[in-house]
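A short worksheet on the structure shown next.
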Amino acid sequence: MQQERCSSSDRPLDPGCLQARDAERSADRPACAPVDFPVAVVLPAGGSGERVGLPTPKQFCTIFNRPLISYTIQAFERLPWIGTVVVVVSKENHDLMLNIVQKFNHTKVNVIHGGTTRHRSIFNGLQAFCSTSNSLTPKPKVVIIHDAVRPFVEEDLLLKITLAAKEQGASGAIRPLVSTIIATSSEGYLDHSLERAKYRASEMPQGFLYDIIFQAYQRCSEFDFEFGSECLHLALQYCGVNAKLIEGPPTLWKVTYKRDLAAAEAIIKETLSRSACIIAGAEAEAAELAKTLQKNLNMMETDVIPCAKESNAEYLSKTQNFIHLSTTGSNFLGVLEMVKHFEDTDHTRLYPVVIVWVQLNMTKQSVDSQKTDELAAFRSLASEVIQGNVLLYGIQIEHTKVIFSMRYHYMCLRDLKNFKL
Ligand SMILES: Nc1ccn([C@@H]2O[C@H](COP(=O)(O)OP(=O)(O)OP(=O)(O)O)[C@@H](O)[C@H]2O)c(=O)n1
Ligand SMILES: O=P(O)(O)OC[C@@H](O)[C@@H](O)[C@@H](O)CO
């Protein structure tokens with residue numbers, strides 16, 4: 001079977017950073033100005049997330065077994081021009097954060113303690129670059145400040161924010177207002193409303209020349225620390241620097257309420273399900289089924305890449321979803337080879353891998369009892385690989401009709417009952 005090249009648009013876009021799409025855009029537009037100066041990040045994550053109403057602070061709530069903050073960190077870590085990411089957490093969450101850093105191999109992260117308010121946490125984060133004793137966090141030219149609970153941030157916007165901060169001293173992402181802003185009287189009546197078209201919602205990321213925002217925090221009042229919520233205001237008020245405002249995409253929103261966690265999960269799931277790789281052996285039946293699958297899956301707007309060899313590392317790195325087709329008599333050695341590849345390449349560290357093994361039984365006889373031991377072996381493999389974040393499903397296709405082999409399907413599903421993929 002002719003292998004088709006994987007284009008970057010086939011690649012599952014890592015949630016929080018539409019990197020591949022940006023790469024494609026930048027491929028056909030003049031290369032954006034290089035970031036030839038040090039850039040660091042401060043992620044305030046020291047809050048308790050009361051408005052979500054869960055015992056776990058929202059930044060540590062998991063989506064597909066991975067804390068929300070890990071998606072945000074990765075959206076920055078994956079960019080080569082980003083240096084240190086200072087994550088600011090409360091003292092009681094320090095060890096939890098260190099475990100997340102270790103489990104998800106966040107190599108650029110430096111964890112420090114936050115304060116009682118967001119501004120205090122951000123200032124603590126900025127001070128991490130000053131302590132001469134800590135060479136791990138050299139002082140940057142530009143610092144990006146971004147709420148840890150805003151996991152969807154694209155490289156395109158980060159570049160614009162960073163370059164604008166370098167030129168203007170400060171920059172911030174904005175979004176159109178959805179509701180009109182009104183002022184209330186002390187008796188709780190309408191005092192006046194603002195002309196919505198003249199106003200924008202201030203979002204994150206925001207960028208600053210490090211010296212500007214550090215100086216602003218050194219000069220700001222206790223009232224700012226206690227009740228303020230806008231870093232751009234501090235730069236203007238205390239350093240006379242007027243931030244450049246840059247409109248960002250709708251995905252910039254902050255996870256604030258429980259519904260926002262569900263929305264974030266839906267976006268991550270949709271992004272992860274956007275592509276799949278079909279691996280069909282040389283048999284004609286398998287190749288035929290691959291073609292049918294490709295036609296149908298494409299109708300679901302899923303990019304499908306037919307591959308000839310399950311050991312083709314180039315394809316195995318391009319998606320998280322695999323359909324492995326094999327005919328009667330063949331065992332699932334090919335699946336074992338894929339699982340070993342994923343273990344060796346740490347491919348499941350950040351996102352689960354889904355493998356659907358489809359066995360075509362082309363003989364006229366239905367599956368005989370000897371298959372029972374194969375089913376048992378498959379089931380124990382499914383139970384084993386789930387520990388490594390690989391979700392294994394099996395489907396049997398008998399002769400001319402496609403039926404789910406409930407035993408395969410049931411056994412795998414039973415072992416994967418905790419997953420929502
Ligand atoms: N003392 C604080 C308070 C908030 N934050 C962080 O600032 C970001 C935006 O704040 P917000 O959405 O208000 O988070 P919480 O304060 O946790 O939410 P809530 O007000 O519902 O408790 C979050 O990443 C939060 O962890 C922080 O670092 N330190
Ligand atoms: O006020 P909260 O702590 O909920 O969230 C902080 C937001 O206000 C802030 O992220 C943006 O408005 C940009 O400053």
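For ligands, and for the atoms within them, numbers begin at 1 and follow the listed sequence. Hydrogens, waters and symmetry mates play no part in the numbers below; they use all other heavy atoms, side chains included.
For ligand 1, the atoms lying closer than 4.0 Å to a non-hydrogen atom of Thr116 are 1 (N). Atoms of ligand 1 lying under 4.0 Å from at least one heavy atom of Lys254, given by number and element, are 9 (C), 11 (P), 12 (O). Within the listing of ligand 2, atoms 13 (C), 14 (O) sit less than 4.0 angstrom from a heavy atom of Gln206. Short contacts between ligand 1 and Ser48, defined as distances under 4.0 Å to a heavy atom of the residue, involve ligand atoms 17 (O), 22 (O). The Val149 neighbourhood of ligand 1 comprises atoms 23 (C), 24 (O), with distances under 4.0 Å to a heavy atom of that residue.
Look at Thr256 and you'll find every heavy atom at least 4.0 Å from all atoms of ligand 2. No heavy atom of Cys231 sits closer than 4.0 Å to any atom of ligand 2.
In the candidate list Met204, Arg51, Arg118, Arg51 is nearest to atom 4 (O) of ligand 2, counting heavy atoms. Considering only non-hydrogen atoms, atom 16 (O) of ligand 1 lies nearest to Gly47 out of Gly47, Ala148, Gly125.
The single protein non-hydrogen atom nearest to atom 22 (O) of ligand 1 is Glu50 N, 2.8 Å, given as residue, atom name and distance. Of all protein heavy atoms, the one closest to atom 18 (O) of ligand 1 is Lys58 NZ, 3.4 Å. Among protein heavy atoms, atom 1 (O) of ligand 2 sits closest to Ser229 CB, 4.1 Å. Taking atom 12 (O) of ligand 2 as the reference point, the nearest protein heavy-atom neighbour is Ser202 O, 3.0 Å. Distance from atom 8 (C) of ligand 1 to its nearest protein heavy atom, with residue and atom name: Asp147 OD1, 3.6 Å. Atom 10 (O) of ligand 2 has as its closest protein heavy atom Asp147 OD2, 2.5 Å. From the protein, the heavy atom lying nearest to atom 17 (O) of ligand 1 is Gly49 N, 2.7 Å. The nearest protein atom to atom 29 (N) of ligand 1, hydrogens excluded, is given as Ser121 OG, 2.7 Å; this is a heavy-atom distance. The single protein non-hydrogen atom nearest to atom 10 (O) of ligand 1 is Arg118 CD, 4.0 Å, given as residue, atom name and distance. In this structure, the protein non-hydrogen atom closest to atom 13 (O) of ligand 1 is Arg51 NH2, 2.8 Å. Looking from atom 5 (O) of ligand 2 to the surrounding protein, the closest heavy atom is Lys254 CE, 3.1 Å.
Two residues are said to be in side-chain contact when any heavy atoms from C-beta on lie closer than 4.5 Å; Leu163 and Phe37 meet this criterion. Residues Gln320 and Leu350 fail the side-chain proximity criterion, which asks for heavy atoms closer than 4.5 Å. In this structure, the side chains of Phe332 and Ser326 stay at 4.5 Å or more apart for every pair of heavy atoms. Counting heavy atoms from C-beta outward, Tyr210 and Pro38 have side chains that stay 4.5 Å or more apart. Contact check for Val385 versus Ile355: no side-chain heavy atoms found under the 4.5 Å cut-off. In this structure, Thr256 and Val149 have side chains that are not in contact, with every pair of non-hydrogen atoms separated by 4.5 Å or more. Side-chain contact check for Tyr238 versus Tyr217: every heavy-atom pair is 4.5 Å or farther apart. The closest side-chain heavy-atom distance from Ile73 to Phe104 is not below 4.5 Å.
By the criterion of a heavy-atom distance under 4.0 Å, neither the backbone nor the side chain of Arg120 is placed next to ligand 1. If you look at His119 next to ligand 2, there are no close heavy atoms at all, none under 4.0 Å.
Looking at ligand 1, you'll find an N or O of Gly46 within less than 3.5 Å of one of its N or O atoms. Taking any N or O of Glu203, backbone or side chain, none lies under 3.5 Å from an N or O belonging to ligand 2. Between Pro44 and ligand 1, at least one pair of N/O atoms sits closer than 3.5 Å. Polar contact with ligand 1: absent for Thr256 (N/O pair, distance under 3.5 Å).
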Decide yes or no on side-chain hydrogen bond (donor to acceptor under 3.5 Å, both in side chains) for Thr62 and Asn65, but give the supporting numbers first.
CA-CA 5 Å; Thr62 58; Asn65 277 0; 5.2 Å; no
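Put simply, the side chain of Ser121 never gets that close to the backbone of Pro44: no donor and acceptor are under 3.5 Å apart. A donor-acceptor pair is defined here as one N or O able to donate and one able to accept, closer than 3.5 Å; no such pair exists between the side chain of Arg175 and the backbone of Ala201.
Checking each of Val87, Val42, Val88 against Ile112 for a side chain to side chain contact (heavy atoms under 4.5 Å, CB included) leaves exactly one that passes, namely Val88.
Counting all heavy atoms, side chain and backbone alike, Ala148 lies closest to Ala45 at CB-CB, 3.5 Å.
In this pair, Phe223 and Phe227 present their aromatic rings tilted. The plane angle is within the 30 to 60° band.
Checked for salt-bridge contact, Arg118 and Glu230 miss the test: no charged N lies under 4.0 Å from a carboxylate O.
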